[in-house]
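Single-structure report; data block below.
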Amino acid sequence: MVFLFIPNLIGYGRVILLFVAVYTAFTHPITTLVCYGLSQALDGIDGMAARKFNQSSDFGAVLDMVTDRISDAIILAILGALYPKLAWLFFGDIALDIGSHWYQMYSTLAGGEKHHKTAKT
């Protein structure tokens with residue numbers, strides 16, 4: 001079952017760590033930093049696990065990409081709250097990040113190619 005693939009379990013762990021990072025962002029900055037850092041470290045490990053255990057899937061590719069976009073948005077939103085005069089810059093970066101990744105994925109798939117994160121068939 002694809003939902004229980006090792007790389008996807010790692011992805012779920014990343015999501016949980018991001019929830020903790022958001023929850024503690026303004027009260028426990030060290031906890032936030034540790035949880036966010038662990039989530040980022042696990043981002044490199046999930047891809048290695050997918051290749052090692054031959055567990056690449058379209059679900060896992062989407063989980064990874066969405067988690068990456070959410071983690072970027074979280075850190076930028078926290079920075080926007082901490083530095084309100086620069087919030088427009090951080091929020092603009094969120095829009096650029098999401099928009100550019102959507103465009104890249106859409107143009108790749110519309111051209112009939114497989115995205116680099118999707119399962120090879």
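- With values rounded to the nearest 0.5 angstrom, Leu33 atom CG is found 14.0 Å from His28 atom NE2.
- Across Pro84 and Ala81, no two heavy atoms sit closer than the pair CD-O, 3.8 Å.
- In this structure, the side chain of Tyr36 engages the main chain of Ser71 through a donor-acceptor pair within 3.5 Å.
- Note on Ile94 and Val66: same hydrophobic cluster, where clusters join Ile, Leu, Val, Met, Phe, Trp and Tyr whose side-chain heavy atoms are under 4.5 Å apart, directly or indirectly.
- Under the 3.5 Å distance criterion, the side-chain polar atoms of Tyr23 are left unmatched by any main-chain donor or acceptor of Leu18.
- Across all non-hydrogen atoms, the minimal contact from Leu9 to Leu4 is CD1-O, 3.7 Å.
- Side-chain contact annotation: Thr32 with Thr24, donor-acceptor N/O pair under 3.5 Å present.
- Ring geometry for Tyr83 against Phe90 counts as tilted: the plane angle lies between 30° and 60°, on a 0 to 90° scale.
- Transitive grouping of hydrophobic side chains (ILVMFWY, heavy atoms separated by less than 4.5 Å) keeps Ile70 and Leu63 in distinct clusters.
- In terms of modelled atom types and a separation under 3.5 Å, the side chain of Arg14 and the main chain of Ser39 share a donor-acceptor contact.
- Aromatic ring centroids of Phe5 and Phe53 lie 6.0 Å or more apart.
- The heavy-atom pair separating Ala87 from Gly80 by the smallest distance is CB-O, 3.7 Å.
- Tyr12 and Val62 are not part of a single hydrophobic cluster, where members link through side-chain heavy atoms under 4.5 Å apart.
- Judged by distance alone, with hydrogens and angles left aside, the side-chain atoms of Gln55 form a donor-acceptor pair with the main-chain N or O of Ile6 at under 3.5 Å.
- To the nearest 0.5 angstrom, His101 atom NE2 is 7.5 Å from Asp72 atom CG.
- The distance from the CZ atom of Phe59 to the CE atom of Met1 is 11.0 Å, given to the nearest 0.5 Å.
- Between Leu76 atom CG and Asp93 atom CG the span is 5.0 Å, to the nearest 0.5 Å.
- Under the 4.5 Å side-chain contact rule for hydrophobic residues, Phe3 and Ile10 do not share a cluster.
- Checked by atom type, the side-chain pair Gln104/Thr108 shows a donor-acceptor distance below 3.5 Å.
- Summarising the geometry of Ala25 relative to Ile78, their closest heavy-atom pair is CB-CD1, 3.6 Å, with the distance given to 0.1 Å.
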Notebook entry, point to check: Would Leu17 and Leu42 count as a side-chain contact (heavy atoms from CB on, under 4.5 Å) if you check the C-alpha gap in whole Å, the side-chain angles of each, and the deciding distance to 0.1 Å?
Noted result: CA-CA 10 Å; Leu17 287 167; Leu42 289 173; 3.8 Å; yes
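- Across all their heavy atoms, Ala49 and Pro7 have their closest contact at C-CG, 3.9 Å.
- A distance-only check finds a donor-acceptor pair linking the side chain of Asn8 to the backbone of Val2 [under 3.5 Å].
- Residue Leu82 is grouped with residue Ile75 when hydrophobic side chains (ILVMFWY) are merged at heavy-atom distances under 4.5 angstrom, including chains of intermediate members.
- Annotation: the span from Phe91 atom CZ to Leu86 atom CG amounts to 11.0 Å, rounded to 0.5 Å.
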